[in-house]
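Remarks on the structure that follows.
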Amino acid sequence: MSQFWSPIVHKLTPYVPGEQPKVSNLVKLNTNENPYGPSPKVLAAIAAANNDSLKLYPDPNAEALKQAIANYHALDANQVFVGNGSDEVLAHAFQALLKHDAPLLFPDISYSFYPVYCGLYEIDYRQIPLNDAFEIDVNDYKQTCGGIIFPNPNAPTGRVLPLAAVEKLLQMHPHAVVVVDEAYIDFGGESAAKLINQYANLLVVQTLSKSRSLAGIRVGFALGQAHLIEALERVKNSFNSYPLDRLAIPAAIAAFEDEVYFQQTCGKIIATRENLVSHLTSLGFEVLPSAANFIFARHPEHDAAQLAQALRENAIIVRHFKLPRIDQFLRITIGNDIENARLCEVMSQIVAK
Ligand SMILES: *Cc1c(COP(=O)(O)O)cnc(C)c1O
């Protein structure tokens with residue numbers, strides 16, 4: 001029945017998210033969710049909002065949330081854009097800021113949603129290979145482009161680009177927007193948010209899904225100078241007036257108000273990550289330096305797909321990408337201490353065989 005489809009639909013290759021299995025008691029280390037629940041203050045804020053007022057539309061501009069994010073990052077509210085998960089924020093950025101005659105540049109190994117948005121919005125793009133150490137070399141970006149986007153820390157490698165190198169890109173292309181997708185920045189990188197007032201071409205995108213344990217509530221945001229935010233607002237208001245609902249808005253505000261909980265949970269994840277890295281290294285794995293809540297590792301004597309299958313047989317799921325250059329790596333989300341101990345135990349058994 002696909003004769004009914006709009007022509008572009010035939011050409012789309014949609015993004016495939018990591019699986020969300022229905023069965024419980026799996027050690028689920030495949031989609032970079034936070035192993036700790038949201039702050040108790042977030043749950044209280046949702047409970048307080050769970051009332052008759054749900055019959056009313058939410059604030060279309062989520063002003064209170066924008067102000068909370070602006071305060072947190074020492075910016076003005078008109079330098080903040082919010083959306084239904086950072087995926088939606090990114091989608092609007094592709095359409096509002098990154099679609100030009102010259103190609104958009106992004107790394108060959110990076111978030112696999114980027115080429116999907118290019119397909120949806122018919123944006124020409126060029127993938128720039130990471131170097132042999134799986135790092136971004138900013139000198140490779142000295143070419144004509146309509147924009148640049150990359151995750152920092154990068155996904156799925158976990159490697160972080162120092163802020164000085166981000167600045168080099170911004171200076172190299174003053175007439176193109178550089179989008180820094182900071183989904184994992186709170187686990188070890190230095191945010192480019194502090195550069196917003198210096199660079200008219202910088203857009204920083206963050207999410208509450210990873211470091212603030214709210215993947216289920218769908219809140220993401222962008223930070224940039226007001227002219228960039230206005231472009232995003234124009235696209236958003238041509239698409240959906242109410243991307244954030246009456247439960248999501250207070251939940252997100254409460255998440256920014258509980259700094260202690262945020263610091264504690266990020267700290268625990270970083271400590272567990274370092275523990276996992278030393279264990280896997282002792283088993284002979286090569287682990288890329290990670291500034292994220294996941295690690296990217298390969299073993300010289302064990303095939304990655306077989307390792308993933310062996311883990312699965314022990315009720316542990318991790319992510320394996322059947323893609324050029326990275327098909328011998330596993331991307332493993334950092335779990336809690338119990339999950340991490342189980343992973344280390346099972347991995348030791350598999351590798352010993
Ligand atoms: C998880 C992730 C996102 C999307 O996060 P949501 O806010 O949950 O939509 C965006 N970019 C990267 C690189 C991610 O890993």
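On a predicted model such as this, the values are computed, not experimentally measured, just so you know.
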Worked verdict on Gln143 versus Arg126 for side-chain contact (heavy atoms from CB on, under 4.5 Å):
CA-CA 11 Å; Gln143 49 182 291; Arg126 185 173 296 156; 2.6 Å; yes

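- Here the rule is side-chain contact (heavy atoms from CB on, under 4.5 Å) with Leu343, and of Leu280, Leu276, Val27 only Leu276 fits it.
- By the 4.5 Å heavy-atom criterion applied to side chains, Pro129 and Asp140 are not counted as neighbours.
- With hydrophobic clusters built from ILVMFWY side chains whose heavy atoms lie under 4.5 angstrom apart, Ile295 shares a cluster with Leu29.
- Taking every heavy atom of both residues into account, Val351 and Leu283 meet most closely at CG1-O, 3.7 Å.
- Here the side chains of Phe321 and Asp327 are not in contact, with every heavy-atom distance at 4.5 Å or above.
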Let me see the working for Phe296 and Leu330 under side-chain contact (heavy atoms from CB on, under 4.5 Å), right down to the final yes or no.
CA-CA 6 Å; Phe296 206 47; Leu330 294 179; over 6 Å; no

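- Rounded to the nearest 0.5 angstrom, Leu244 CG and Asn240 CG are separated by 9.0 Å.
- For the pair Arg273 and Phe294, the cation-pi criterion (under 6.0 Å, within 45° of the ring axis) is not fulfilled.
- For the pair Ala252 and Leu65, the tightest heavy-atom approach, listed with the atom from each and the gap, is CB-CD1, 3.6 Å.
- A 4.5 Å side-chain heavy-atom check between Phe221 and Ser86 finds every atom pair outside the cut-off.
- Shown here for Val89 and Val82, the closest heavy-atom pair between the two residues is CG2-C, 4.3 Å.
- The only member of Tyr261, Phe262, Tyr72 that meets ring pair (Phe, Tyr, Trp, His ring centres under 6.0 Å) when paired with Phe256 is Tyr72.
- Note: Tyr114 and Phe106 meet the aromatic proximity criterion, with ring centroids under 6.0 Å apart.
- Tyr199 and Gln225 share no donor-acceptor pair across their side chains, judged by distance under 3.5 Å alone.
- Annotation: cation-pi pair Lys268/Tyr36 present, NZ/CZ under 6.0 Å from the ring centroid and within 45° of its normal.
- Within 6.0 Å of atom CG in Leu56, more than 12 heavy atoms from other residues, nucleotides or ligands are found, so the atom counts as buried in its surroundings.
- A donor atom on one side chain and an acceptor atom on the other are found under 3.5 Å apart for Asp137 and Asn139.
- In this pair, Tyr121 and Tyr117 present their aromatic rings parallel. The plane angle is below 30°, not in the 30 to 60° band.
- Under the side-chain contact (heavy atoms from CB on, under 4.5 Å) test applied with Phe150, the options Val138, Leu105, Leu169 reduce to a single match, Leu169.
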Could you go step by step and tell me if Lys66 and Glu233 meet the salt bridge (charged side-chain N to carboxylate O under 4.0 Å, His left out) rule?
CA-CA 13 Å; Lys66 284 184 183 172; Glu233 295 289 357; 2.7 Å; yes

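- You'll find the side chain of Arg298 stays beyond 4.5 Å of the side chain of Phe285, heavy atoms only.
- Contact detail for Thr31 and Lys210: the closest heavy-atom pair is O-CE, 4.5 Å.
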Take Glu339 and Arg342, measure what salt bridge (charged side-chain N to carboxylate O under 4.0 Å, His left out) needs, and give me the verdict at the end.
CA-CA 5 Å; Glu339 292 167 322; Arg342 176 75 186 143; over 6 Å; no

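- A side-chain contact (heavy atoms from CB on, under 4.5 Å) with Leu90 is found for exactly one of Ile149, Leu203, Thr207, namely Ile149.
- No more than 12 heavy atoms of other residues, nucleotides or ligands lie within 6.0 Å of CZ in Arg234, so this atom counts as exposed by the packing criterion.
- Summarising the geometry of Leu104 relative to Ile148, their closest heavy-atom pair is CD1-N, 3.6 Å, with the distance given to 0.1 Å.
- For the 3.5 Å distance criterion, the side chains of Asn293 and Asn34 fail to qualify, holding no donor opposite an acceptor.
- Heavy atoms of other residues, nucleotides or ligands lying less than 6.0 angstrom from CG of Asp101 number 12 at most.
- Nearest heavy atoms, Tyr57 versus Arg246: O-NH2, 3.0 Å.
- Aromatic rings from Tyr15 and Tyr111 are positioned such that their centres are separated by under 6.0 Å.
- Environment of CG in Asn131: crowded, with over 12 heavy atoms of neighbouring residues, nucleotides or ligands closer than 6.0 Å.
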